[in-house]
Each structure stands twice: as structure tokens, then as C-alpha cells.
Amino acid sequence: MAWISLAIETDSAHAEALGDALLELGALSTDIHDAGSGTDREQCLFDEPGELSEKIWFASELTALFNEDVDITSTVQAAASAAQLPCQPSYRVTHVEEQDWVRMTQSQFAPIRISSRLWIVPSWHQIPDTTAVNLILDPGLAFGTGSHPSTQLCLGWLDETLRGGEDVLDYGCGSGILAIAALKLGAGHVVGIDIDPQAVAASRANAALNQCDETKAEFFETHVADRAGPGNGAWVDVVVANILANPLIVLAPLLMRATRKGGQIALSGILMEQAEDVMQIYRQWFDIRITREQAGWALLTGTRK
């Protein structure tokens, strides 16, 4: 079985209408992305929960997938007319052959060395260093493969900070990567919390993959309004939260209440230009600062007053 991939360069004013027209004309899927991606024309767009944005890249590329028997020329003409494009767009076509999609996806993930003693290893790879702390991960539907700068910042901090025996909270745990890493780095007990049931399921599966003691690694589904942990008082030595700036601002009182006095907090998923806004909120309860930066992402760490 084979397919045809159609790519059309357009602009933000017509991209969505053109995509809708192609779907009506039989496209199996469509995708809009930055036509300048990877060049000096690349346009960065960031959205967060609570921010309503309808921005699309000014120079957009629309791709659509069709069955191989489609008449591309007439399809492009009809879509351009339906989307009211001022002229017929230029386009290119590539053929997509059937292949082992699982193997191809797996090939995108390789072992990642976080530090001299910590590696993230996809479950189908051989362990590159058997003497290291190896976190075996099965990338799935939840965020956290170890490849994103914000995840690597948190992992490096945990490696440097944990001394052994700490109670650790991973709020917004995703795949469970931070909580499981903390346990393997010596934490006494870890709790992962996420609002997404698929993330909680992925975390539990990854914990089992790493042979974590179920009494020492627990994962729960909760919502922002819920309390972060048992009881009414502070209950953890270390909090890590790799989410996004706006949710971290909303969560500040909750994460403060979970952290014992003298406890440590690490916040990531924050762009450098957002860091001051987040720190301004957390300074009420934490001595907090930017500890490090990677690829435009900041890691904020602090101590509970």
C-alpha cells in the first residue's frame, strides 16, 4: 500500500480554509506547520493553557495525505477555488511507501546521557553503560521522553540535588520520568500526580518496567483544585514540576503547601522570558532563582522559607 503526500506553501489567511477544502476532497489527514522551520525565517509560536490564540505561521506549509489513485492536479485546483486563493498555488508531491511504522518511530529515540551516572534508555535499546543509573522508558502518549530541554534540566538537577531518602513530589508527571529517576537516584518515596489518566497509566507502566517498589513509587490522577498530597500540611522534601509557565503560576499555593520548610523546589517548562513572572509569584514562599538554561528554557530552583 502507498500514499501521496501533497505539500502546498500558503499564508496564515488561507491555511485553515485550504486544509478544510482538502479534507472535503478526500485527504486522509492534513497538517499545518512553519514553512521556514529550520531556517532564519523560522517563526516561533507558543501557546499555554489560559491563553486564547489563533495564530498560524505567516508563511505556512500545508501537507495532506491522499490515497495513491487521487488526481492531484484537479484536487489542488478545486481546493484553491474553495479556499478562495487569489491564484493557483505551487505544490510538490512525494510518494509514501508502506513500511514498518513502529520500527521507524522507535528509530527516532536513542539512549540519552543526562550525566556521568544517569542515562535514559528506550525499552527496545541495549543499555549503553551497565554501571550507570539507567532509566528504562517506553515513550508513549504522555510527555517525557528525556529529549526535551526542560526534562533534561530537571533530571540533571535531581542528579545533583538528591542525597538519599527524600520524599519527592512530581507534579504533572507525564510519563513518570522524573519521579522514577528520583527513586533510582536514591529518593526514599516518590509520588507522581497528573490530571491526565493516560499519563498516570504510562507512569505506572514505566515504574513497573524499572522494577520500582509499588510502595515507594505511587501515581495518582488529580485536578488543579485538589490538594497535592496527604493530610493538610507540608509533606515532601523535594518538588519537581515540569509543566508550563501559566499552570505553574496557578499551582504556586498548592506546591508551596506540599513543600516542607527548608525543602527544595524545581520548576521547568518555562521560557527564559517567562521566568521573572513565575519567580515573582514563588518568591512569597521560596528563595528562588534561575539555576540554568538550555535552548531558551529555564530551570528555576528554590528553597522553602
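Every value quoted in this text rests on a predicted model; they were computed, and no experiment measured them. The figures here come from the full heavy-atom set of this structure, side chains too, leaving out hydrogens, waters and symmetry mates.
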I'd like to know if the side chain of S203 and the backbone of G174 have a donor-acceptor N/O pair within less than 3.5 Å. yes

S115 and D159: side-chain donor and acceptor closer than 3.5 Å? yes

Classify the ring geometry of Y282 against W285: parallel below 30°, tilted from 30° to 60°, perpendicular beyond 60°. perpendicular

Please enumerate all residues that pass side-chain hydrogen bond (donor to acceptor under 3.5 Å, both in side chains) together with T259, with sequence neighbours excluded. none

Is it true that, when you exclude Q88 itself, more than 12 heavy atoms of the residues, nucleotides or ligands shown sit nearer than 6.0 Å to its CD? yes

Residue list, side-chain hydrogen bond (donor to acceptor under 3.5 Å, both in side chains) with S12, at least two apart or on another chain: none

Side chain to side chain contact (heavy atoms under 4.5 Å, CB included) filter on K216, not counting sequence neighbours, yields L183, D213

Can you name the closest pair of heavy atoms from D194 and C173 and give their distance? OD2-N, 3.2 Å

Residues forming a side chain to side chain contact (heavy atoms under 4.5 Å, CB included) with T291, sequence neighbours excluded: R289, L299, T301

D34: partners by side-chain hydrogen bond (donor to acceptor under 3.5 Å, both in side chains), with sequence neighbours left out: none

Any donor-acceptor pair under 3.5 Å linking the side chain of R260 with the backbone of W235? yes

Donor-acceptor check, side chain of D138 to backbone of S123, threshold 3.5 angstrom: yes or no? no

Show the nearest heavy-atom pair for residues A179 and D170, with the distance to one decimal. N-OD2, 3.3 Å

With no hydrogens and no angle check, is any side-chain donor or acceptor of Q274 less than 3.5 Å from a backbone partner on M272? no

When you measure from the side chain of N206 to the backbone of A202, do you find a donor-acceptor pair of N or O atoms at a distance under 3.5 Å? yes

With sequence neighbours excluded, residues passing salt bridge (charged side-chain N to carboxylate O under 4.0 Å, His left out) with E276: R283

Which residues satisfy the salt bridge (charged side-chain N to carboxylate O under 4.0 Å, His left out) test with R113, sequence neighbours excluded? none

Determine whether a donor-acceptor pair (N or O, by modelled atom type, separation under 3.5 Å) exists between the side chain of Q84 and the backbone of S81. no

Main chain of G146, side chain of T151: is a donor-acceptor contact present, judged purely on distance under 3.5 Å? no

If you look at every heavy atom in W297 and H148, which pair is closest and at what distance? CE2-CE1, 3.5 Å

Check whether any side-chain N or O of N134 sits under 3.5 Å from a backbone N or O of D129 as a donor-acceptor pair, and report yes or no. yes

Quick one about T303 and Q264 (side-chain donor to acceptor, distance below 3.5 Å, no hydrogens or angles considered), yes or no? yes

For a quick test of reading the model, state the closest non-hydrogen atom pair linking I180 to C212 and the distance between them. CG2-SG, 3.8 Å

Please determine whether residues I32 and V93 belong to a single hydrophobic cluster, defined as Ile, Leu, Val, Met, Phe, Trp and Tyr linked transitively by side-chain heavy-atom distances below 4.5 Å. yes

Taking all heavy atoms of A252 and all of I281, pick out the closest pair and write down the distance. CB-CG2, 3.6 Å

Using ring pair (Phe, Tyr, Trp, His ring centres under 6.0 Å) as the criterion, list what pairs up with H14, not counting sequence neighbours. none

Distance, nearest 0.5 Å, that separates CD of Q152 from CG of L118: 10.5 Å

Sequence-distant partners of E160, salt bridge (charged side-chain N to carboxylate O under 4.0 Å, His left out), two or more places apart: R292

Is there any side-chain hydrogen bond (donor to acceptor under 3.5 Å, both in side chains) pair reaching into residues 58-67, and which pairs are they, with sequence neighbours excluded? H33-E61, E61-R92

Please report the shortest heavy-atom distance between S150 and N242, naming the atom on each side. OG-OD1, 3.0 Å

If hydrophobic residues (ILVMFWY) are linked whenever their side-chain heavy atoms come closer than 4.5 Å, directly or via other members, who joins I136 in its cluster? W119, V121, I127, L209

Would you please name every residue forming a side-chain hydrogen bond (donor to acceptor under 3.5 Å, both in side chains) with Q77, sequence neighbours left out? none

